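These numbers come from the heavy atoms of this one structure, side chains and all, not from hydrogens, waters or symmetry mates. It should be emphasised that the depicted structure is a prediction, and the values quoted were computed from it without experimental measurement.
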Amino acid sequence: MTPERRAPAQAPLIGPGHTLGTVTDRIAAVVLTAPTPRAWWVGFAVGFALLLVLLDAVAYLLLRGVGIWGVNIPVGWGFAIINFVWWIGIGHAGTLISAILLLLRQAWRQSINRFAEAMTLFAVACAGLYPVLHLGRPWLAYWLFPYPNTMGLWPNFRSPLIWDVFAVSTYATVSVLFWFVGLIPDLATLRDRSPSRIGRAVYGILAMGWRGSVRHWERYETASLLLAGLATPLVVSVHTVVSLDFAISIVPGWHTTIFPPYFVAGAIYGGFAMVLTLAIPLRRIYGLEDFVTMRHLDYMGRVLLATGLIVAYGYTMEAFVAWYSGSPFEAHMMLDRFGGRYAPLYWSLLLCNVVIPQALWFQRTRASVPALFAIAMSINVGMWLERFIIVVTSLHEDFLPSAWGMYYPTVWDWATFFGTIGLFTTLFLLFIRFLPMISIFEMRTLLPEAEVKEELA
Amino acid sequence: MTSAAAPIDLTALRARLAGRGGRALWRSLDELAESPAFLELLHEELPQHAAALARSVDRRQFLKLMAASLGLAGLAACARPPEDKIVPYVKQPEELVLGEPLFYATAVPLGGFAVGVLAESHEGRPTKLEGNPTHPASLGAIDPPTQATLLGLYDPERSQTITSAGKIQTWSGFLAAVRAALDAQRPRGGAGLHVLTETVTSPTLHAQLRALLAEFPQATWHQWEPAGRDAARAGALRAFGAPVETRYDLARADVVLALDADLFATGPSRLRYAREIAGRRRPGPGMSRLYAVESMPTTTGAVADHRLALAAADVEGFTRTVAAELGLAVAAAPAVAVAPHHAWVRALVDDLRAHRGACAVVPGEHQPPAVHALAHAINDALGNGGRTVIHTDAVEAAPTDQAASLRALVAAMRAGAVEVLLILGGNPVYAAPADLDFAGALGKVALRVHLSLHQDETSELCHWHLNAAHVLEAWSDARAHDGTVTILQPLIAPLYGGRSAHEVLAALTGPERPGHDVVREHWQGVHSGGGDFEAFWRRALNDGVVPDTALAPRTVALRPGWDVPTPAAPAAGLELVFRPDPYLIDGRFANNGWLQELPRPITKLTWDNAALLAPATAERLGVANGDVVEVAVGGRSAHAPVWVVPGHALDSVTVHLGYGRRRGGALATGVGFDAYALRTADAPSIARGAALRPTGRRHAFACTQDHQSMEGRALVRAATLAEWRAHPDFAHAFEETPPRDRTLYPPHAYEGYAWGMAIDLGACIGCNACALACQAENNVAVVGKEEVARGHEMHWLRVDRYFAGDLDAPAILHQPVPCMQCENAPCEVVCPVNATNHDGEGLNVMVYNRCVGTRYCSNNCPYKVRRFNFYLYSDWTTETLKMARNPDVTVRSRGVMEKCTYCVQRINRARIHAEEAGRRIADGELVTACQQACPTEAIVFGDVNDPTSRVARLKADPRNYALLGELNTRPRTTYLAAVRNPNPALAAEQRS
Amino acid sequence: MRRPPIHGLLAEFDDVNDLVRAVRTARAAGFRRLDAYTPFPVEELSHAMGVRPSRLPLLVLLGGVGGGLAGYLLQWWTAVVAYPINVGGRPLHSWPAFVVPTFETTVLGAAIAAVLGMLALNGLPMPYHPVFNVPRFALSSRDRFFLCIEATDPLFDREGTRRFLERLVPRHVSEVEH
Amino acid sequence: MPQIFHRSTNTLSRLSIFGALFALAALLWGIAAVNRSAYMTGQGVARVQPVQFSHKHHAGQLGIDCRYCHTQVETAAYAGIPPTQTCMNCHAQIWADSAFLAPVRASFRTDRSLVWQKVHVLPDYVYFNHGIHVQKGVGCVTCHGRVDRMNQVYRAASLQMEWCLACHRRPERYLRPRERVFDLAWRPRGDQAALGRRLVKAYGVRTRTDCSACHR
């Protein structure tokens, strides 16, 4: 990894007094030697309990059918799609940090990209459940894949749902590859430092015999850059496709051209909020304040502010276009959001996503960990509400008033939602327990010792 | 269409049913199945189980034989071929073509009056009832209750055995007991013998009853019908001194005044009136004008050019005013709520005067006799007699004042004078006026016998319950509104060995005789006039009408002293109006899922009745939709949930009868409230001085349309006749459908047939006949109240109802919405698996077995006509319900989207027949189920590529417009904008 | 040629600069079969060792083009040839819609090519490698820098080369068994 | 001590990667194969029937026309399984007391149907009409195979959708003159393709691959 040449303007990205050795030991210890903190066990217990809830909800769903959810005619999509979009969006921050910021040579990304990418994978895993579960006949989900069959039938490639299949599966694959490639040198470190035979063997196999040869590093760097170059348009395309699920339709409130950029910005927004939500407790529990510094938090606060403003612009445009289009259906959709039966949700969405984050303009807020955490949480909620508003309020009152109806989630909707949160927590905690949550070799490059003297260069 | 042959050999069929009982149910337990001894035992000991066996067998018999649609759609695709059996006939009836339905003409009587039907039969299973074009009361159309009679046949909760004191008994046991009792009566001429029937028009049954009375001269025969026509009868008596039957020829009426008369939903001629009125609603010189005065908005009021909301009790005053204005000498009208509507009355009267001899004043059946008498007088004064108003002798076999008849019976029972009571049909314990305490009196009768389809409230209190044969299981006959007789022929052997009233009466007075012989012999007697009886009989069966049985018109003279004002009741408080439920009628159909779930015409309520009242009244009483109130009248009270109906008369509360059943099936019981508890013998339809008191409790309704306004969107388009003359293309003032060439895509060419549909909103009366026909034809599932409330109802075709304008006197607009079969279908593009796409004839087809259930198509359907199986809604276990299914339509499983496909199964049948004959499908040869049922011919389906087809010509009409055409979905289903004919003198009243 | 008795000689350095300097000297001295091991990527070393730029980008390009073509052809064939169906009045060959999956398959092909290509070119997986026989080599994934002159180098001479390395003042020089 | 693995692991680890890929491919191929196998389709599997009725004997050796038993095949959707009456037409005299025919006589006597095992089973959402296919010149043998050579009838074709489509897309490959429909031994004299194209025109056969052609 190419470290920043310029001396950092602000506080360094890594605490004082660290050497190649201490960085390595400090991060590897979390996985190899240090005792598992109580907080981990508590979190794992909660997460696993919720995971069991998910299993119940899914079992009952398969037994009875999607009727156990609140979906109906006219509101054919409910929590399943809301949560799908929410999770996918969260996932995007990981890829963004590791890919886009890499291309932009943002050295500060190096201490957060590892667990951000992990977050991506697990978020995508949670998201991936929903499109399958929300089918009337989930056991036939494989019909969405183009495979030669005895019916001589193929998927309809004009349907955004098929685009989803391609986009999300590609996204998942590429994320896994990217993440694994990034892990290889650190796996080698763990291999060489693991006190147990099994540890050495397992990490050894995964490290595939990495030995830090100059030639390896050369190709490794090229591969990382190329992957970053591929992942960047990919991540944009994925949420674009997700937004097309709506934009391609003719439903007022869905059928709008601003959706792709607006969704991508929203994804980054929500994703960074989730990164903060995870980073703040992590650095605290594992005492990693030296690696995830206040400067990191400050940067993420700025990203939130910027993307938040784009999202706010999106909301404004929705309203403006609804009026400007002169279409009675669009107009009614917007008025319904302002004053209809779901209006309270719409206004709390604006509160969470637009009003509260404005506090990030102030250095003081960005310097206060509790404030950042609170804002991140409000954005997590806000982004979920945004998806609820988009999915439900657009559908429940569309073209023919005779067909209008309401959508009320059932206990099973909630169980499935919190269940996936449990799934995410469980996977994430397992990750930080068994893999380095911060990229060790990239941290090394941030150290002064890692710099080659000028006359040699 | 109609098969000339007699129905298939029933005795043989019976034999098969009973015969192979064991195999079916006990296939898993072979040793049991093989032992005939076991079966004998079973038949002796447990007749009802034997019946159950028979049931399962004959389903197996026919369905298995035909490999009808029963598999779990989709699953079979990737599974091994199922183990399946073929059970051929032993001797195959020669008129039977496997896979081809046969149609038999019969009739379904309601309140005694017959509506002729053609019953579709698949290998011996009746699966659908359709109107009989040759029958005067049907003209090919059919109404929901008549159609739903079919489901009643297969109702798994029908009574299946003879019981006595709750124990299963044998027929012979019954005969022994009752014959003994009758013998005891004989010496006293049957003084203690009473027979209670519903209204009888059946010549055969009448003859049998006369024979009975001849044998027991002292015996008494009572007739009583909960939603009967006493008032009309009494009115005729007052006016003409004879119980003449009056019917109207509305096809010849330029002006029609409906006095609280629900022309299209009640009465023996409802279908005919709908056809005749609609025939005069097509815009043009011949257009008639309809005035409606009514308390509760009805389908009649909805299509009326002028509707006046008036409390039911004020209608008499209104009629008097009209009569007076016309110069009749009538008792002065009480100063009623008519005063404010003077201009209205004036305009109406002028209109009537202007059309002497070509107008008709039609009184509502539940209006008091005085109103009927007044109407007769007015029609007489306007010289309508013999022109638009036709009088005949009574159609009823023995017209009687039924209220009096029932009173007499109860009095006799209380006096202990009734020793043997035969109740042939009906459910008096549930439906009799509350003040008579029929149940209490019944207890005093020594021997009580009840013949009925269900174990109902009355059976419970009778010594003997006989499980009746369903109307589709038995031979009988019945008269239509004009007296025309239809011979009712069975479509299937009684599933549970039930018996008809004919068979019971025959067996009681003489040797046992099958209903077939009873009816046939009666007609042999009648026919003795000469000629070949066999030919006559076959023709009667084939046509569904007995020739020359219509009653001849007769002239009548108004009798002096006809005008007897109804005694003024205490005007204080609200008025309470009792109406038969539009679909459950008097409660006889309460266990019928189709009817329970069919949205009521104006309220769109399902699975409920309610205290219906006007918005202003609700406001005054401080109640809203769903508030449970205590309705108190005359010292009686009941709890009822409130439903507010725009356009309802002020200070008037309408309640529908037929709900709140305590017994008679799982669907019937515990649904709605029992309005009979408030109904007394002397106030059968209008009670004054009622009071509503909120209880604070709430009730959850299952209404299929939450939103009542069109939100200013041009969905239903209408104009006045004048506007139409000025701008024949007014329907296109609203929207701009993009021209065909404004598209990036090359157009898809549709050679050959291109199916399309046109729906005339001017003709539609919102009766829901189409919706139910669709349900019956396409195996649409019933989901139950909770699911409807959650927005999970399954009707493929819904009739939207919008209110427009003033909340107290709104315009009521109907719009049937099936799948539009868009050429640029938004639903198809978004389906990931091509489960919905276009076929070569422009049908938007839905492939259930390919659907994975993303529901994306429904989200993207601007008309929201797609329906989803959120659970396993189709009943895959109840054998009889499987029998009711149409074998040509896949039964959908869980997780699958479904929708209207223009009855693609009918299209395929017609195409195959045409191609086998090497010709094209002729226009009109192929009709959809909804089109077929529609009483007003509002729905026309056909090939739009054929410029001469009816549908193509209608689509060329400037009134033709596409719903949401601006979306460029190119719907194949389009609408003809409605044109009203309001009285120019009432410009203020005009709606458009 | 005859297989040398050992794999090579391994010199260990504390500082990345020493390693760079060492590599330069070794190259100057004419050694060609040598390799350097570091705990993190060091651009200068690649230059110093004269590593030729990788052929990876070409592989990735091929992977992308292949994936894209496969994706588009699949869609065109299924929609136009295999089972043409009129879907909502849209043309059979709805190329605008087909662009989206094509893009995804392109990225997929390229990404897989990148990862597999990188591993293949690096000769990974290779869990066994002679340098691992040197116990201290474990530190190469922590904070030490190693230079290995391999026995197959024509100039290699067990004693001479050791002396040569000693002159570079390494912390340690050790022989690497096969 | 970093050297954890033996030399051989290098080879093994690389093999395992390719091995995994091959295993996956093999699995997919296997599934496809099983789906088309006789095990899944029941193709070529004879069912045991309540009566040992031999089409080979009746249709083949005796040369009885298909329509003698399957009377309605030309007009009805279902070819129809003959009622017991049909069997008795002959077997009242011939083999009148053969033990093989005991079930038939029992059926006739007791008026209880014979219960046959269905051989050609279509899923319940598929609507096939014999009449129209016969009218358009699709021979019995095309779908049912040489029944006149079968002792126990078995399924000659897979009856899978792709099999139906093969004919619905290229009918000219399979059509025959109407009068030859019931001739199981018929072979086209000369070029089937040419004949087929002629018949397609003559009988107005359309290549209907619309879903609604078979699914309702």
- Can you say whether F157(A) sits under 4.5 Å from chain B via the side chain, the backbone, both, or neither, judging by heavy atoms? neither
- Query: Does any heavy atom of chain A fall under 4.5 Å from the side chain of C861(B), the backbone, both, or neither of them?
  - Reply: backbone
- Can you find a heavy atom in the side chain of N72(A) that is under 4.5 Å from one in the side chain of F868(B)? no
- Item | Nearest atoms (heavy-atom pairs only) where W154(A) meets R850(B) | O-NH2, 3.7 Å
- Task: Taking the side chain as every heavy atom from C-beta outward, state whether C831(B) and R158(A) have any atom pair closer than 4.5 Å.
- Result: no
- Item | Engaged part of I68(A) at the chain B interface, taking heavy atoms whose separation is under 4.5 Å | both
- Item | Side-chain heavy atoms of I73(A) within contact of R866(B), under 4.5 Å | no
- Query: Does the side chain of N860(B) reach to within under 4.5 Å of the side chain of V251(A), using non-hydrogen atoms?
  - Reply: yes
- Quick one: closest heavy-atom pair of V71(A) and H792(B), and the distance? O-NE2, 2.8 Å
- Item | Y147(A) OH: over 12 foreign heavy atoms closer than 6.0 Å | yes
- Note on the structure: Taking every heavy atom of V829(B) against every heavy atom of N156(A), the minimum-distance pair comes out as O-ND2, 3.1 Å
- Note on the structure: Correct closest heavy-atom pair for G136(A) and R855(B) would be N-NH1, 4.2 Å
- Task: Return the option, out of V833(B), N837(B), T854(B), with the maximum number of heavy-atom pairs under 4.5 Å with chain A.
- Result: T854(B)
- Task: Identify which part of E787(B) has an atom lying under 4.5 Å from any heavy atom of chain A, answering side chain, backbone, both or neither.
- Result: neither
- Message: Whether R64(A) engages the ring of Y871(B) as a cation-pi pair (distance to the six-membered ring centre under 6.0 angstrom, angle to the ring normal within 45°) should be assessed.
- Response: yes
- Note on the structure: The interface call for R801(B) against chain A, heavy-atom contacts under 4.5 Å, is neither
- Query: How long is the span from the CE atom in M710(B) to the OG atom in S402(A), to the nearest 0.5 Å?
  - Reply: 10.5 Å
- Note on the structure: Ranked by heavy-atom pairs below 4.5 Å to chain A, first place among C851(B), S709(B), P826(B), S858(B) goes to C851(B)
- Go through the atoms of L63(A) and report whether side chain, backbone, both or neither lie under 4.5 Å from a heavy atom of chain B. backbone
- Please look at F246(A) and chain B and tell me whether the side chain, the backbone, both or neither of the residue comes under 4.5 angstrom of a heavy atom of that chain. backbone
- Query: Is the Y856(B)-W77(A) ring centre distance short of 6.0 angstrom?
  - Reply: yes
- Task: Return the minimal non-hydrogen interatomic distance between R790(B) and T410(A), and the atom names on each side.
- Result: NH2-CG2, 4.2 Å
- Side-chain contact, heavy-atom cut-off 4.5 Å: L400(A) with R798(B)? yes
- Task: Among P832(B), G791(B), G853(B), single out the residue with the greatest number of heavy-atom pairs under 4.5 Å to chain A.
- Result: P832(B)
- Message: As an exercise: rank P401(A), G65(A), S394(A), P328(A) by heavy-atom pairs under 4.5 Å with chain B and give me the winner.
- Response: P401(A)
- Is any side-chain heavy atom of V852(B) closer than 4.5 Å to a side-chain heavy atom of W139(A)? no
- Where does R713(B) contact chain A at under 4.5 Å (heavy atoms): side chain, backbone, both or neither? side chain
- Closest non-hydrogen atom pair between N859(B) and P74(A), with its separation: OD1-O, 3.7 Å
- Message: Just so I know, are the side chains of E711(B) and H332(A) near enough to count as touching, which here means a heavy-atom distance under 4.5 Å?
- Response: yes
- Message: If I take atom CG from residue L964(B) and atom CZ from residue F399(A), how far apart are they, to the nearest 0.5 angstrom?
- Response: 7.0 Å
